[in-house]
Amino acid sequence: TGSPGFYVSDSLAAKAFITGATCVPHPRGCAEYCNDVCLRNVEVKTDACGAHCFNYTMRVSDGWTSFDYPLHIDQSDDNKHSFEAVLPKGVYEVSFYNQDGTLDDAIELEDV
């Protein structure tokens with residue numbers, strides 16, 4: 001395209017925090033090219049909550065926008081769980097909610 005940017009899935013989850021960028025659909029579908037944005041894929045891995053995490057969501061908020069990301073389960077190991085978010089540079093608050101929509105404050109993250 002000639003300008004800096006990223007290809008992302010055309011899903012709401014991939015574009016939830018992209019603001020100020022123009023995203024153009026790829027001709028073959030399933031993806032969009034977003035100009036003038038620098039993104040990173042953030043993966044939060046956990047095995048701390050065991051089997052009861054299967055219906056959890058990870059809520060990410062930047063103070064203006066919030067989005068709930070579903071849990072991904074490693075097909076080769078049911079004890080490995082992860083949440084993935086595509087995020088531009090910024091400061092985010094992360095929290096975890098169970099299937100009833102109740103905050104689970106027993107799951108904590110450390111800054112890295």
Side-chain angles (χ1 to χ4, degrees):
T1 67
S3 64
F6 279 80
Y7 278 102
V8 297
S9 166
D10 63 357
S11 68
L12 289 175
K15 298 184 297 179
F17 292 93
I18 297 175
T19 58
T22 302
C23 296
V24 180
H26 189 277
R28 294 185 185 170
C30 299
E32 294 187 20
Y33 184 80
C34 298
N35 290 316
D36 300 321
V37 66
C38 182
L39 302 171
R40 58 209 36 84
N41 187 53
V42 177
E43 182 178 26
V44 177
K45 294 182 180 184
T46 181
D47 59 2
C49 53
H52 76 274
C53 281
F54 290 133
N55 294 313
Y56 271 51
T57 58
M58 177 180 72
R59 182 167 298 158
V60 178
S61 176
D62 65 2
W64 295 276
T65 303
S66 291
F67 195 85
D68 290 350
Y69 293 89
L71 177 72
H72 296 280
I73 300 166
D74 186 330
Q75 298 300 317
S76 64
D77 185 347
D78 285 344
N79 292 321
K80 292 186 179 177
H81 311 86
S82 65
F83 298 90
E84 293 184 35
V86 176
L87 302 171
K89 181 179 179 181
V91 176
Y92 300 92
E93 183 176 305
V94 177
S95 49
F96 298 90
Y97 290 82
N98 67 23
Q99 63 195 14
D100 301 323
T102 304
L103 175 66
D104 186 338
D105 55 7
I107 302 174
E108 296 180 4
L109 291 179
E110 294 181 16
D111 292 335
V112 242

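When reading the values below, keep in mind they use all heavy atoms of this one structure, side chains included, and skip hydrogens, waters and symmetry mates.
- Pairs passing the salt bridge (Lys or Arg N to Asp or Glu O under 4.0 Å) check and including a residue from residues 18-42, sequence neighbours excluded, read Lys15-Glu32.
- Looking at residues two or more places apart in sequence or on another chain, you find a side chain to side chain contact (heavy atoms under 4.5 Å, CB included) between Ser61 and Ser66.
- With side-chain heavy atoms closer than 4.5 Å counting as contact, directly or through intermediates, Trp64 stands alone and belongs to no larger hydrophobic cluster.
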* Asked: Under the side chain to side chain contact (heavy atoms under 4.5 Å, CB included) criterion, do Val60 and Leu87 qualify, and how do the steps go?
  -> CA-CA 10 Å; Val60 178; Leu87 302 171; 4.2 Å; yes
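- Partners of Glu84 according to the side chain to side chain contact (heavy atoms under 4.5 Å, CB included) rule, which considers only residues two or more places apart in sequence or in another chain, are Asn41, Glu43, His72, Ser82.
- Annotation: side-chain hydrogen bond (donor to acceptor under 3.5 Å, both in side chains) contacts of Ser9 (sequence neighbours excluded): Ser11.
- A donor-acceptor pair is defined here as one N or O able to donate and one able to accept, closer than 3.5 Å; no such pair exists between the side chain of Asp100 and the backbone of Thr102.
- Every ring-ring contact (aromatic ring centres under 6.0 Å, His included) that Phe67 has, sequence neighbours left out, goes to Tyr69.
- Legend: salt bridge (Lys or Arg N to Asp or Glu O under 4.0 Å) pairs involving residues 57-73, not counting sequence neighbours, sorted by first then second residue: Arg59-Asp68.
- Grouped by direct or indirect side-chain proximity (heavy atoms under 4.5 Å, Ile/Leu/Val/Met/Phe/Trp/Tyr only), Val86 sits with Phe6, Val8, Ile18, Val37, Leu39.
- The side chain to side chain contact (heavy atoms under 4.5 Å, CB included) check on Ala31 picks up His26, with sequence neighbours excluded.
- Two residues are said to be in side-chain contact when any heavy atoms from C-beta on lie closer than 4.5 Å; Tyr92 and Val42 fail this criterion.
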* To do: Walk me through it: do Leu71 and Phe83 pass the test side chain to side chain contact (heavy atoms under 4.5 Å, CB included)?
  => CA-CA 5 Å; Leu71 177 72; Phe83 298 90; 3.5 Å; yes
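- In this structure Leu103 satisfies the side chain to side chain contact (heavy atoms under 4.5 Å, CB included) test together with Ser95, Tyr97, sequence neighbours excluded.
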